[in-house]
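Every chain is numbered from 1, with letters handed out A, B, ... down the list of sequences. Just so it is clear, the model here is predicted, and its values are computed rather than measured.
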Amino acid sequence: MSQVRVRFAPSPTGFFHIGSARTALFNWLYARHTGGVFVLRIEDTDKERNSEPFLNLIYDSLRWLGMDWDEGPQVGGNFGPYLQSQRGDIYREYLAKLKAAGRTYEKDGAVWFKLLGERHKVFDEHRKKEVEKVKNAPSVIDDQIRGRVERTEDEDFVIVRSDGSPVFHLCNVVDDIAMGITHVIRGEDHLSNTSKHVELFKAFGAPVPSYAHIPLILKQNGPGKMSKRDQGALIEEYQRRGYLPEALVNFICLLGWNPGGDKEKMPIAEIIRLFDLPGVNQSNARFDDKKLAHMNLTYLLEQPADRFVVLARALLERAGAKAALAADPAYLREVLLISQPKIKSLEEIPAYTAWFFTEDYPIDPKVREKVMGKGDSKARLTELIAALPGFDFTNDSAIEQGLAALAAKHGLGFGDYQAVARLAVSGTNVGPSITTIFRVLGRERTLARLQRLLA
RNA sequence: GUCCCCAUCGUCUAGCCCGGUUAGGACACCACCCUUUCACGGUGAGAACCGGGGUUCGAAUCCCCGUGGGGACGCCA
């Protein structure tokens, strides 16, 4: 059997979103699974809406998500150019074949593709006008996901605009032929275009590729499919918020596909191994950002220290956390690593660690009221300040022993000192373990912070 | 309106093809445990086969009809 060639064919007319990413991913996975070729083709035939920034966003997003293309812009290939705006000659050449075969006609200055079959006119409620339908030999699609899909009627359609530029249907089919595409994996919203495309393939005498129409992703809130304007739709946003690309990929591959059984979290190599078209669902999936967040958390927790620090630093830079970035690198690294197991997302990092980098951190009034109002917290704080110089600061457990001894001396528990100490050194009631905070802050800084609350 | 696709917990889904399960898992939610805060983690609870007909000894599973959801109906892609 010949090699699988699939393509992802976005148009640079807007932000890159979850739905496009998943279509790209399924194509990429199928190519990698089968040892095939993943082609990136840019469908920029709409001169009005194309934009360079959006084009670059496609490249950046695909790369960030780890989808490398074997052929396409920036990497080349034997079937280029890979931007439709540069393929005008090819479309003209194919158009000539269609004209020669008598399969086109002109109307209102545009070129139309002529369907074969019996014609009749009907009034179309939607368009409020009379249209001509063509009953053709049933156009049958043998879809890998949907099964047999039959359409008995269609309409002639424009393939070249009155300004001479070719339209999506023509370019798409011509390129799939010229680029030797064997499998077309795309969203179900294209299912109703497919009969048109099949007729074009037949008119060109080219083999019809194998189709796989994947279910759509529905927006989280409200009806309808997800679009770039919806909450949580943009890939760019996850990148900015410090989501891990492998977590996002793992999550979106599970929208409409699963390997069977209970498996969810999988390294990419395993996803590639298990992915196949017959495993793709037929029903649409609703996007759920909570589950994505959880997937991201599980990946975050297992990040090696070095990578975590790199990612967290990038987040701090984006957040403009100057104090943190100006701090001693070893100290910053330590702060980041003790925070890693406690946070749910990298975007929490700037706020979660801010008080480590200034002695002028705010004291949360609500927490202050709660902590100081319970028991004799002021006395506990005074006792702790008095005892601290005698503490062994070598490591966490040494500090813990010091704290435990202090509590025992006064017939109290660890918790009686923990809350007020935490309030004093951080100004809040959340953070790493108090003994760890002491150790990282060091004796002098800890002492000064404890005294600051008393003042 | 016409055409096309789809239908299991709130959500993602397993099971369906090859009828017999206490209909399983994950997220979310709730309770409890762990605990030095906050997270993580652990245990447990609640939560679904859209409706109606058929076929069958037996239907989530096969068939039909409703209903519901989604998509398409551009000189957008």
Point to revise | B/U37 phosphate, OP1 or OP2, under 4.0 Å from A/T428 side-chain N/O | key: no
**Study point:** Distance below 4.0 Å between A/N258 side-chain N/O and B/A14 OP1 or OP2
**Key:** yes
Practice item. Have a look at A/E43 and say if it touches a base, only the backbone sugar-phosphate, or nothing, with a 4.0 Å heavy-atom cut-off. Key: sugar-phosphate
Exercise for review: Report which part of the nucleic acid A/G256 touches: base, sugar-phosphate, or nothing (heavy-atom distance under 4.0 Å, all strands).
Suggested key: sugar-phosphate
**Study point:** Shortest side-chain distance from A/D46, nucleotide among B/U37, B/C76, B/C5
**Key:** B/C76
Practice item. Can you sort out which residues in residues 391-411 of chain A have a heavy atom within less than 4.0 Å of RNA chain B? Ascending by number, please. Key: A/E400
**Study point:** Salt bridge flag under 4.0 Å for residues A/E155 and A/R127
**Key:** yes
Review point. What nucleotide among B/C38, B/G10, B/C40 has an atom nearest to a side-chain atom of A/Y352?
Key: B/C38
Check your understanding: Checking all strands, does A/G187 fall into the base, sugar-phosphate, or nothing category for heavy-atom contacts under 4.0 angstrom?
Key -> nothing
Study note, to complete from the structure: Taking a pair to mean Watson-Crick or G-U wobble geometry with both distances below 3.5 Å, B/C32 pairs with B/G42
Check your understanding: So does A/N281 get a side-chain nitrogen or oxygen closer than 4.0 Å to the phosphate oxygens (OP1/OP2) of B/U13?
Key -> yes
Review point. For the residue pair A/F157 and A/H169, is the inter-centroid distance of their aromatic rings smaller than 6.0 Å?
Key: yes
Check your understanding: Is A/A110 touching bases, backbone alone, or none of the nucleic acid, heavy atoms closer than 4.0 Å?
Key -> base
Check your understanding: What distance, rounded to whole Å, do you find between the two C1' atoms, one in B/C40 and one in B/C34?
Key -> 11 Å
Check your understanding: Would one find a side-chain N or O of A/R161 under 4.0 angstrom from OP1 or OP2 of B/A77?
Key -> yes
Exercise for review: Verify side chain to side chain contact (heavy atoms under 4.5 Å, CB included) between A/F391 and A/L388, making sure each step is shown before the conclusion.
Suggested key: CA-CA 5 Å; A/F391 274 33; A/L388 205 71; 3.8 Å; yes
Practice item. Output the single nucleotide from B/G70, B/A77, B/C4 whose closest atom is nearest the side chain of A/R151. Key: B/C4
Point to revise | Exercise: do A/R422 and A/S426 side chains pair donor with acceptor under 3.5 Å | key: no
Practice item. Measure from CZ on A/R146 to P on B/A72 and round the result to the nearest Å. Key: 13 Å
Check your understanding: Between atom CD in A/E302 and atom P in B/G41, what is the gap in whole Å?
Key -> 12 Å
Practice item. Answer with base, sugar-phosphate or nothing: what part of the nucleic acid does A/P215 contact at a heavy-atom distance below 4.0 Å? Key: nothing
Review point. What is the base-pairing partner of B/U2, counting Watson-Crick and G-U wobble geometry with both distances under 3.5 Å?
Key: B/A72
Exercise for review: Just compare B/A72, B/C75, B/G25 and give me whichever is closest to any side-chain atom of A/K291.
Suggested key: B/G25
Check your understanding: Under 4.0 angstrom, heavy atoms only, what part of the nucleic acid is A/H190 near: base, sugar-phosphate, or nothing?
Key -> base
Check your understanding: Thinking salt bridges, do A/E270 and A/R273 make one under a 4.0 Å N-O criterion?
Key -> yes
Exercise for review: Considering only NZ, NE, NH1 and NH2 on the basic side and carboxylate oxygens on the acidic side, decide whether A/K291 and A/D288 come within less than 4.0 Å.
Suggested key: no
**Study point:** Side chain A/H33, main chain A/F275, donor-acceptor under 3.5 Å
**Key:** yes
Check your understanding: Ring centres of A/F8 and A/W28 under 6.0 Å apart?
Key -> no
Practice item. Evaluate whether the aromatic ring of A/H126 and the six-membered ring of the B/C73 base sit under 5.5 Å apart, centre to centre, with an inclination under 30°. Key: yes
Study note, to complete from the structure: Any strand, both distances under 3.5 Å, Watson-Crick or G-U wobble: B/C62 pairs with B/G54
Point to revise | Whole-Å gap separating P (B/C75) and CG (A/L95) | key: 17 Å
Check your understanding: Between A/Y243 and A/Y299, is the gap from one ring center to the other below 6.0 Å?
Key -> no
Practice item. Answer with yes or no whether A/R422 presents, from its side chain, a donor or acceptor under 3.5 Å of a partner atom in the base of B/U37. Key: yes
**Study point:** Closest nucleotide among B/G71, B/A77, B/C38 to the A/L216 side chain
**Key:** B/G71
Check your understanding: With sugar-phosphate meaning primed atoms plus P, OP1 and OP2, does A/S162 contact a base, only sugar-phosphate, or nothing at under 4.0 Å between heavy atoms?
Key -> base
Check your understanding: Is any side-chain N or O of A/R127 closer than 4.0 Å to OP1 or OP2 of B/G74?
Key -> yes
Practice item. For nucleotides B/C49 and B/C62, find the distance between their C1' atoms and express it as a whole number of Å. Key: 15 Å
Check your understanding: Taking the nucleotide of RNA chain B with the closest heavy atom to each, which residue, A/K344 or A/K290, is nearer the 5' end?
Key -> A/K290
Practice item. When you get a sec, tell me which of B/U36, B/C4, B/C38 is the closest nucleotide to the side chain of A/T435? Key: B/U36
Revision key, fill the gap. Of the listed B/G1, B/C38, B/C75, the closest approach to the A/D124 side chain comes from B/G1
Exercise for review: Go through B/G71, B/C38, B/G41 for me and flag the one nearest to the A/H294 side chain.
Suggested key: B/G41
Study note, to complete from the structure: Per nearest nucleotide of RNA chain B, the residue lying toward the 5' end, A/E264 or A/D44, is A/E264
**Study point:** Between B/U21 and B/U61 - P atom distance, rounded Å
**Key:** 13 Å
Check your understanding: Are the aromatic rings of A/H197 and A/F168 close, with centres under 6.0 Å apart?
Key -> yes
Practice item. Specify the separation, in whole Å, of atom CG of A/N136 and atom C1' of B/C3. Key: 13 Å
Check your understanding: Quick one: A/L292 CG to B/A26 P, roughly how many Å, whole number?
Key -> 18 Å
Revision key, fill the gap. With the side chain defined as heavy atoms from C-beta on, A/D189 is closest, among B/C38, B/A72, B/C76, to B/A72
Check your understanding: Between B/C3 atom P and A/D154 atom CG, what is the distance in whole Å?
Key -> 13 Å
Point to revise | Separation of atom CG in A/D163 from atom C1' in B/C75, rounded to whole Å | key: 8 Å
Point to revise | Whole angstrom value for the distance that separates P of B/G74 from NZ of A/K128 | key: 13 Å
Practice item. Report yes if at least one side-chain N or O of A/Q418 is closer than 4.0 Å to OP1 or OP2 of B/U37; otherwise report no. Key: no
**Study point:** Aromatic centroids of A/Y59 and A/F16 separated by under 6.0 Å
**Key:** no
Review point. Taking any strand in view, what nucleotide pairs with B/C27 in a Watson-Crick or G-U wobble way, both distances under 3.5 Å?
Key: B/G10
